[in-house]
Amino acid sequence: MNDADVSRQIQQMVRFIRQEAEEKANEISVSAEEEFNIEKLQLVEAEKKKIRQEFERKEKQVEIRKKIEYSMQLNASRIKVLQAQDDLVNSMREAAGKELLHVGHDHHSYKHLLKELIVQSLLRLKEPSVILRCRKEDLHLVESVLHSAKHEYAEKAKVHPPNIFVDSVHLPPAPSHHQAHGPFCSGGVVLASQDGKIVCENTLDARLDVVFRKKLPEIRKLLFGQITVS
């Protein structure tokens with residue numbers, strides 16, 4: 001083999017090696033490009049997932065805040081409704097209390113009422129000796145019915161007429177503009193056992209309180225109906 005043949009063979013080997021190197025380089029480049037694209041896609045998807053999760057988290061926070069705000073507004077509305085109802089009921093109670101002031105104007109009927117209140121109190125106490133307290137302005141009416149009251153009680157209870165001692169301390173007077181916030185009594189009597197351990201408060205104001213508490217559910221139903229707050 002002469003030098004020319006050797007040179008040709010060497011050139012062929014060089015071309016083959018170069019071609020193979022170029023093909024390998026192209027293969028490496030394509031593979032690297034694919035790996036780069038895959039990694040880039042994974043990074044993009046990971047960021048998208050983070051963004052979605054953050055959006056969902058904030059969206060939940062917004063929903064929670066909306067629910068809390070709605071609940072607070074609903075509670076505030078309920079409180080306003082209940083307050084308005086209480087105000088109306090209290091105004092009725094005050095109006096009824098003012099009507100009590102007219103009871104004592106008719107002395108004949110009020111005198112009869114005082115006797116009935118005393119008899120009722122005696123029946124509740126069932127004591128042989130009691131202390132009676134009334135308003136100063138009612139003292140003469142009370143004293144005028146004591147005899148008939150204790151004998152009526154004795155007849156109903158089948159006992160001897162009790163001893164009734166009228167207390168020198170009187171119940172407060174009726175409410176007035178001068179003493180609008182002080183203690184007051186619209187009428188009636190308070191009886192107690194001799195030792196003061198048992199007390200029967202039979203004033204008009206106390207009886208109104210009892211009736212009002214007892215009738216309050218019925219009053220609310222008549223005024224406001226069957227209210228359901230959702």
The ring pair (Phe, Tyr, Trp, His ring centres under 6.0 Å) partners of His147 (sequence neighbours excluded) come to His151
Matching residue for Glu54 among Arg52, Lys50, Arg57 - test: salt bridge (Lys or Arg N to Asp or Glu O under 4.0 Å): Arg57
Would you please name every residue forming a salt bridge (charged side-chain N to carboxylate O under 4.0 Å, His left out) with Arg207, sequence neighbours left out? none
Would you say the side chains of Glu22 and Asn26 form a donor-acceptor pair under 3.5 Å? no
How long is the gap from NZ on Lys136 to CG on Leu171, to the nearest 0.5 Å? 13.5 Å
How would you list, by chain and number, every residue that makes a ring pair (Phe, Tyr, Trp, His ring centres under 6.0 Å) with His160, sequence neighbours excluded? none
Under a 4.0 Å N-O cut-off, is there an ion pair linking Lys215 with Glu218? yes
Classify the side-chain pair Gln194/Ser129 by whether it contains a donor and acceptor separated by less than 3.5 Å. yes
How long is the span from the NZ atom in Lys98 to the OG atom in Ser186, to the nearest 0.5 Å? 12.0 Å
Arg133 bridged to Asp138 by N-O distance under 4.0 Å: no
Between Lys111 and Asp106, does at least one N-O distance fall below 4.0 Å, as a salt bridge requires? no
What's the separation between atom NZ in Lys67 and atom CD1 in Ile64, rounded to the nearest 0.5 Å? 7.5 Å
Between Leu191 and Ile118, which heavy-atom pair has the shortest distance, and what is it? CD2-O, 4.2 Å
Taking NZ, NE, NH1 and NH2 as the nitrogens, is one of them in Glu20 or Lys24 under 4.0 Å from a carboxylate oxygen of the other? no
Look up atom CG in Leu125 and atom CG in Asn202, then write down how far apart they are to the nearest 0.5 Å. 9.5 Å
Exactly one of Lys48, Glu47, Gln42, Lys49 should register a side-chain contact (heavy atoms from CB on, under 4.5 Å) with Glu45. Which one does? Lys48
Same cluster (ILVMFWY, side-chain, under 4.5 Å), Val119 and Val189: yes
Quick one: does Tyr153's side chain get under 4.5 Å of Pro162's, heavy atoms only? yes
Heavy-atom count around Glu155 CD within 6.0 Å, excluding the residue itself: above 12? no
Would you indicate whether His108, at its atom NE2, is surrounded by more than 12 heavy atoms from other residues, nucleotides or ligands within a distance under 6.0 Å? no
